[in-house]
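A short write-up of the structure that comes next.
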There are 2 protein chains.
Amino acid sequence: MKTFTLPPLLGFGGSGQARMATATIKDVAREAQVSVASVSRALNGGRGVTAETSQRIREAATRLRYMPHAAARMLITRRTNTIGALLPDLYGEFFSELIRGIDLAARARGLHLLVSSSHDDAAAAAVALRAMQGRVDGLLLMSPHADAAFLRQNLPHDLPTVLMNTRLAGDDYCALSVDNDGGARMMVEHLLAIGHQRIVFIQGPPGNRDAGERELGYREALVSHAPDSPVIMLRGDFGEESGYRAGQEVLGMRPRPDAVFAANDMMAIGCMAALREAGICVPEEIAVSGFDDVPMARYVTPPLTTIQVHIAELGGQAMELLGEQIDHPDQVMTGIHRRVAAKLVVRGSTGAAPG
Amino acid sequence: MKTFTLPPLLGFGGSGQARMATATIKDVAREAQVSVASVSRALNGGRGVTAETSQRIREAATRLRYMPHAAARMLITRRTNTIGALLPDLYGEFFSELIRGIDLAARARGLHLLVSSSHDDAAAAAVALRAMQGRVDGLLLMSPHADAAFLRQNLPHDLPTVLMNTRLAGDDYCALSVDNDGGARMMVEHLLAIGHQRIVFIQGPPGNRDAGERELGYREALVSHAPDSPVIMLRGDFGEESGYRAGQEVLGMRPRPDAVFAANDMMAIGCMAALREAGICVPEEIAVSGFDDVPMARYVTPPLTTIQVHIAELGGQAMELLGEQIDHPDQVMTGIHRRVAAKLVVRGSTGAAPG
DNA sequence: ACTCAACATGAAAACGTTTACGTTGCCGCC
DNA sequence: GGCGGCAACGTAAACGTTTTCATGTTGAGT
C-alpha cells in the first residue's frame, strides 16, 4: 500500500505559510500512519489507543492544524453542541446581562450560543424558532407571546427547552423567572419597617407577568404585615411618562400617601420628577421606590431605593437547567420552576440611607 | 416497486400527535414517489422539476413536517449560513444595540448569529475564535486585543471577517468604526459656537482607541476653528469617579475654563457632580458635555449635551459588509474602512436648549 | 503449549444532503 | 424514420466524521 500520492491539498514544498485547505481527519491519519478510526479515538476519548500512537496522532493533528469539521460531526453524532436563545426585543442592561449569564454558563459546558433576538410578534418568533430547528440541542426561550398553544405548535416536542420569565408556569416545560413576588414583598416590608403607612403602588402594563407578580407581592405583604394599611393602585405602563402622571395623581390624594412603590425604576424616576416639580421633598415628605435597579437608579437625585435582580444569574441558571436536560434526556424535568432571588437595595429615596 | 413498507419512523395510525422522529429527505421522496434528488431540486431551486411534481413534493414535505437536516446540508454545501460575532465584555445599551443591529441585518440575509461574548483577555478570545472554526461563514470581530499578530495567529486567513472598532486600520481586513473624530469635532464646534473659549477635555483610558480619536477630534477642531483657544487636558478613565476628580481639578484652574468636554458621558456626569458640590452652576458658569448618549444622559440634571452614535447601525453595517464579502469571496474588499456617523444632541448642560 | 480474554487497530457502514452524471422519453428536423 | 437535443428524473458519489464490527496480537492462566 505504499503509494506516492502526496497529501493532495496540503502544502507544496516546505517552509511555513504554504496555502493549505483545511486538513481533514484523513490527512491526519495519513500523516500519523494510522487509520481514521484511530485518529477519531485518540482525539476524542483517547480510549482504545496506545499512549504513544495517541501522542503521534496528536502531534500530526497540531502539525496540520487539524480542526474537526463541525458539520460532519453533528451529522453523525446528532449533537450540535449549540444551544439557541430566542429573545424578545430587549433593551439595555437587561439584555446584555442576560446574554452574559447565558454565554458564560454555556461556555463552561463547551456549548455554543445561537441567538435570535428582537421578535416583536408571535409570527416572527415562530419563524425564528423554525429556523433553529436542528441547529441546536436545546432552547432558551423568553417570549411574551409564548403561550401554551404557541409552544405546542412551533416547538419540536423532543427539544429540551427552558422558559424564562414566561407566562405559563411549569406544567409542560422547565421554567425560570425572577422572584418578583418576593422582591415586592421585601420592598413593602422595608417601607413599613421605616414607618410608612399609606403605600401606593404604581402598576405595570396590564397583562405583563412581571408587573402582575410585583403587584401581588405588594398586596400580600400588606395583608400579612399591615392589614390596616390601605391598598392603593395607580395605573402605569413601565414608561417614565406614566410614572410622572402617577406622581401627579399622588399629589392630589387626601390624605396624602407617605410612600410610593413603582413596579419598575423608570416609573419611579418619573414619579420623583413630578413630586420635585410640585416642591415635595423625597424622601422627607414622600418616600419613593422602584424595581429592577437599572444603572440609572443610583444616579438620580435622590438615589433610588429599589430591588435588584441578578439578571446574569437568571440566564446562567437557565443555561444550567438546560444543560442538565440535554445531558439526561430521559430524566423528566418538566414542571421544574425555579426563581432567582431578588435583593433589596436601600438608597436615599426612602430616606433610610444617606447615599 | 409497490411494496407495503410503511414509512418506518412516521406516525402509526392516523390522528394528530403521533410521536414521530424527524422525517428525512428519503421519507419525503418515498411519500411523493420520486427520488431524493428530485426532492432536493424541488425544495431548493425548483429547476429541473415539473411544476406538478414539485407541487406533489412540496405537499409531501409539509405533510411530513420535513425540515432539512442542517448539518448534512452544511457538510455537502460547505456553507453554514451562520456568522459569528466575537465581542468583548460589553455593557448595557451598547451591547444590546450592537446585537440588535447585527441580528436584524443577519436575519434579513437569512443568516444565523453565533455569539461569543465576554472575553477579557486575548487568550479567551483566541479559544473562542478557534471554537467557531468551521461553524461560521464569516466573522464579526470586536476585540480590544485584536492586534495584527493576534489575528494572523488565530484567524483562518480565508474566513471573511469584518473588524469593528478595532485598533488596526484597514490594511488587511475590512473595518468599521464609529466616527469618534467627527463627533468630537462637532461637539467642540458647538461649544465654540455658543461662545465658549476655554474648553477642557477629559481624556479616556490611555491606549483606548475611541478615547484617542475623540481627543484627536477635540484638538483638530480647536486648531482649525479657534487657534487661540488653549488645549487643556485632564486625565480620566471613562469611569464616573475619574470624571468627578477631573471636575475638582477644573475648580482649581485659573482662569477658570468655561466648558468641559468629557470623552464619555459617565465622566461628564461625574464632573457635573463635582461642580454641583462646589456650588458651580451648569451650564451658566461652566458648560459640560459628554460622548455616547447613554440613556442616563437625558435624566441627569441638567440633561447632558452629548454625541449620539447609532450603535445598531454599526452592527448592521458591519453585517452588510460581511454579507457582501461572503457572497463575493473572490472580490477583494480588504482595506475598506467605513465609519458610522455621529450626531450632536444638544441638551441643557451646555445651556443652548431648555431641556 | 493451548486457550481465552483483553486490547489495539483497521475496514466499512452510517448520518442526510447536494450534485455530477446517466438514462429515459419526447419533440422537431432533416 | 432516424437522429440530435432537451427536459425530467434517477443513481450514485461525494462531504468528514463516529462507531460497530472484525481482525490480528499480546499476555496470562492452565
Side-chain angles (χ1 to χ4, degrees), chain A residues 1-2 7-10 20-58 60-61 64-82 133-135 137 156, chain B residues 1 7-10 20-58 60-61 64-82 133-135 137:
Chain A
M1 250 311 196
K2 281 268 177 66
L9 293 163
L10 301 178
M20 60 165 78
T22 60
T24 79
I25 197 173
K26 276 189 188 172
D27 299 318
V28 179
R30 191 179 319 111
E31 177 87 1
Q33 317 257 39
V34 293
S35 72
V36 292
S38 294
V39 176
S40 176
R41 279 189 282 257
L43 263 36
N44 296 352
R47 292 180 8 166
V49 187
T50 316
E52 50 188 335
T53 27
S54 179
Q55 171 76 5
R56 203 174 65 231
I57 291 171
R58 235 173 276 273
L64 264 44
R65 281 184 170 66
Y66 168 67
M67 285 289 303
H69 195 288
R73 192 190 290 222
M74 287 182 209
L75 179 58
I76 189 75
T77 308
R78 303 190 131 330
R79 282 205 50 172
T80 64
N81 287 314
T82 304
Q133 285 281 25
R135 309 184 86 97
D137 295 334
Chain B
M1 250 312 198
L9 294 162
L10 302 178
M20 60 165 78
T22 59
T24 79
I25 198 174
K26 276 189 188 173
D27 300 318
V28 179
R30 192 181 317 113
E31 177 87 1
Q33 317 258 39
V34 292
S35 74
V36 291
S38 295
V39 177
S40 177
R41 280 189 281 255
L43 264 36
N44 297 352
R47 291 178 10 165
V49 188
T50 318
E52 51 190 335
T53 25
S54 178
Q55 170 77 5
R56 204 173 64 231
I57 290 171
R58 235 173 275 273
L64 297 181
R65 281 184 171 66
Y66 169 68
M67 285 288 302
H69 195 287
R73 192 189 289 220
M74 287 183 210
L75 179 57
I76 189 77
T77 308
R78 302 187 136 318
R79 284 208 45 173
T80 64
N81 287 314
T82 303
Q133 285 282 26
R135 309 184 85 100
D137 295 333

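Basis for what follows: all heavy atoms, side chains included, without hydrogens, waters or symmetry-related copies. Chain letters run A, B, ... following the sequence lines, proteins first, then strands; residues in each count from 1.
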OP1 or OP2 of D:dC9 versus the side-chain N and O atoms of B:Ser35: is any pair under 4.0 Å? no
Main-chain N/O of A:Thr24 paired with A:Asp27 side-chain donor or acceptor, under 3.5 Å: yes
Does B:Ile57 reach the side chain of B:Ser38, with side-chain heavy atoms less than 4.5 Å apart? yes
B:Leu43 CG to C:dT17 P, in whole Å, measures 10 Å
Would the distance check show the side chain of B:Thr77 and the main-chain N or O of B:Arg73 forming a donor-acceptor pair, the cut-off being under 3.5 Å? yes
At 4.0 Å (heavy atoms only), tell me whether B:Ser40 reaches a base, stays on the sugar-phosphate, or touches nothing. base
Answer with yes or no whether the side chains of A:Thr22 and A:Arg65 bring together a donor and an acceptor at under 3.5 Å. no
Has the side chain of B:Ser54 got a donor or acceptor atom that lies under 3.5 Å from a matching backbone atom of B:Glu52? no
Integer-rounded Å distance: C:dA20 C1' and B:Arg47 CZ: 15 Å
Identify which nucleotide among C:dT9, C:dT18, D:dC9 has an atom closest to any side-chain atom of B:Val49, counting heavy atoms from C-beta outward. D:dC9
Using atom NZ of B:Lys26 as one end and atom C1' of D:dG10 as the other, report the distance to the nearest whole Å. 14 Å
Who pairs with B:Arg78 by side chain to side chain contact (heavy atoms under 4.5 Å, CB included), at least two apart in sequence or on another chain? A:His69
Reckon A:Arg78 has a side-chain N or O less than 4.0 Å from the OP1 or OP2 of C:dG16? yes
Nearest whole Å is fine: how far is D:dG16 C1' from A:Met67 CE? 14 Å
Nearest whole angstrom, please: distance from the P of C:dT18 to the OH of B:Tyr66. 6 Å
Which residue lies toward the 5' end of DNA chain D, B:Ile76 or B:Thr53, if each is placed at its nearest nucleotide? B:Thr53
Atom-pair distance (CZ on A:Arg30; P on D:dG16), nearest Å: 12 Å
Whole-Å distance between D:dG16 C1' and B:Gln133 CD? 15 Å
Any B:Thr24 side-chain nitrogen or oxygen under 4.0 Å from OP1 or OP2 of C:dG16: no
Donor-acceptor pair, A:Asp137 side chain versus A:Asn81 backbone, under 3.5 Å? yes
Tell me which residues in residues 68-75 of chain A lie within less than 4.0 Å of DNA chain C, going by non-hydrogen atoms. A:Leu75
B:Arg56 has an atom CZ; how far is it from atom P of D:dA8, in whole Å? 14 Å
Measuring to OP1 and OP2 of D:dC9, would you say a side-chain N or O of B:Thr50 lies under 4.0 angstrom away? yes
